[in-house]
There are 2 protein chains.
Amino acid sequence: MNTIDTKLWTSENVAADLERAVHEHRLPPGTKLGEDELAEAYGISRTIVRAALQALSHRRLVEHKRNRGAFIAQPSVREAREVFEARSLLEPRTARSAATRMTEQDLDILKQNIADEHVALDAGENGRALLLSGQFHLEVARIADQATIEDMISELISRSSLVIALYWRRRAALCETQAHHALLDAFAEGNGDAAEDLMKSHLLDLVASLDLRSVSQPATSLREALGR
Amino acid sequence: MNTIDTKLWTSENVAADLERAVHEHRLPPGTKLGEDELAEAYGISRTIVRAALQALSHRRLVEHKRNRGAFIAQPSVREAREVFEARSLLEPRTARSAATRMTEQDLDILKQNIADEHVALDAGENGRALLLSGQFHLEVARIADQATIEDMISELISRSSLVIALYWRRRAALCETQAHHALLDAFAEGNGDAAEDLMKSHLLDLVASLDLRSVSQPATSLREALGR
DNA sequence: TGGCGCAATATTGTATACAATAATGCCGAC
DNA sequence: GTCGGCATTATTGTATACAATATTGCGCCA
């Protein structure tokens with residue numbers, strides 16, 4: 001962190017900062033999040049750090065191991081499937097709803113998002129591209145104007161970042177913006193049916209681009225890889 | 001609490017204990033949850049209490065007001081609708097899935113739940129009946145074997161308890177067990193289509209039994225009822 | 001008498017001290 | 001030389017002390 005930090009680091013800020021780092025794949029799954037280390041980095045006490053870690057733990061981005069500390073979560077293959085199963089229940093219908101509520105301003109935001117993602121991809125900033133890709137989905141949820149569902153999708157998108165970090169199979173890089181562009185067209189037409197279908201397909205494509213053969217577990221570290 | 005408490009009150013235990021109290025309508029929306037008060041009641045320090053309150057806050061069962069303390073949440077009419085909208089996206093499909101995975105043992109559990117709810121209703125234990133009713137839905141989610149979705153439904157059920165506490169309109173008491181019984185039949189037949197439809201109708205009935213005319217806000221306490 | 005402001009009080013927010021636990025390294029015994 | 005146990009160290013878990021803030025009550029003044 002900066003030595004001169006004018007920002008006030010509340011637990012929410014710290015949690016958001018860490019979550020962003022997860023989104024951008026700067027904090028890979030399994031990373032140890034030492035309390036003292038973070039406290040010093042942000043210039044706050046462990047109390048705030050612990051609150052932030054608890055918040056992330058509730059969002060399943062962080063796993064707590066008793067007396068061992070907090071770690072960036074490593075979703076299992078099982079959990080990876082579940083996250084996308086949940087998204088497939090929520091997001092298509094949400095996209096349909098968004099299509100009927102879409103304003104010109106909303107469309108501009110989504111267009112800008114896609115453009116930004118293109119720029120990031122061209123610049124090789126994959127982390128940023130991934131963040132923007134998630135933000136597209138989140139923006140759709142926001143437009144649907146269902147805060148409760150939006151919160152759920154928000155958490156699922158974050159967890160998806162971890163899943164992608166663990167199970168993304170190389171190749172097929174820019175299919176993302178294609179799918180988002182198709183969705184944008186449906187939104188522009190106010191075509192709810194199309195938006196729902198496109199979102200459903202998009203999510204299926206995402207899962208298909210993952211390597212979820214349970215053999216190649218992450219097994220980053222240690223004893224639990226051996227089951228003891 | 002008991003003066004002699006052999007139980008170890010971790011923050012999770014405390015949170016679960018409070019959540020149960022919310023379910024059973026022993027803690028009505030708006031109730032102030034003083035940290036010192038809870039700490040003394042459970043015989044622990046404020047540290048644990050705060051962790052528990054944070055957990056409940058993340059589940060939207062508790063609202064934190066800066067420098068004012070924690071209160072049992074009072075979902076707005078808007079939020080009430082959103083909660084049931086979310087449930088209607090998740091639970092019908094989950095019920096379908098549960099129908100195809102249902103075992104004899106699962107059926108027994110659900111039967112027992114309905115029976116227990118009947119007993120509670122006959123005994124006039126409305127809080128317990130409500131708790132059991134929620135558990136029925138949660139059990140269905142468990143049977144569907146999608147832990148991620150189950151967690152979401154669990155939170156939504158808890159929040160529904162608050163909604164019911166605030167907006168339940170008297171009359172129509174025991175329609176609950178009827179709907180659950182119909183679902184049970186569908187489960188017994190392994191009829192996913194019927195289960196999905198029944199769950200959808202059941203949730204619509206639940207919303208219909210609420211008084212969600214935005215005028216009659218709860219406005220339990222004070223200044224924010226007047227917007228300042 | 002009513003309103004304003006200050007002081008007292010209570011409660012939450014934060015930091016820190018201490019306890020408990022697990023990991024690590026050392027040393028001795030076989 | 002290797003294994004087992006003990007001591008050391010590091011890290012998290014919990015309690016508590018202190019600071020910050022909001023509320024409440026009192027008293028002064030118009």
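The figures that follow rest on heavy atoms only: side chains count, while hydrogens, waters and symmetry mates do not. Letters A, B, ... are given to chains in the order of the sequence lines, protein chains preceding strands, and every chain is numbered from 1.
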* Across the strands shown, which category fits R66(B) at heavy-atom distances under 4.0 angstrom: base, sugar-phosphate, nothing? ->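 Sugar-phosphate, backbone atoms only, no base.
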Starting from [atom2] on [N], measure out to [atom1] on [X] and report it in whole angstrom.
X      : N       : atom1 : atom2 : result
R46(A) : dG13(C) : CZ    : C1'   : 17 Å
R50(B) : dT16(D) : CZ    : P     : 16 Å
K65(B) : dG13(C) : NZ    : C1'   : 18 Å
E63(A) : dT12(D) : CD    : P     : 16 Å
L53(A) : dG13(D) : CG    : C1'   : 14 Å

Results of side chain to side chain donor-acceptor pair (under 3.5 Å) for [X] - residues two or more places apart only:
X       : result
E79(A)  : R159(A)
N113(A) : none
D106(B) : T103(B), R142(B)

* Asked: If you look only at pairs with a residue in residues 124-165 of chain A, which of them pass as a ring pair (Phe, Tyr, Trp, His ring centres under 6.0 Å), with sequence neighbours excluded?
  ->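 Qualifying pairs, neighbours excluded: F136(A)-H180(A), H137(A)-H180(A), H137(A)-H202(A).
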* Of all pairs that satisfy ring pair (Phe, Tyr, Trp, His ring centres under 6.0 Å), the ones with a partner from residues 50-79 of chain A, not counting sequence neighbours ->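 Applying ring pair (Phe, Tyr, Trp, His ring centres under 6.0 Å) to every pair that reaches into residues 50-79 of chain A, excluding sequence neighbours, yields H58(A)-H58(B).
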* Please determine if a side-chain N or O atom of T47(A) lies less than 4.0 Å away from the OP1 or OP2 oxygen of dT14(C). =>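 So the side chain of T47(A) is outside the cut-off, no N or O lying under 4.0 Å from OP1 or OP2 of dT14(C).
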* Mind running side-chain hydrogen bond (donor to acceptor under 3.5 Å, both in side chains) on T148(A) and D151(A) for me, showing each step along the way? => CA-CA 5 Å; T148(A) 297; D151(A) 285 344; 5.8 Å; no
Distances for protein N/O vs nucleotides 7-11 of chain C N/O pairs under 3.5 angstrom?
none

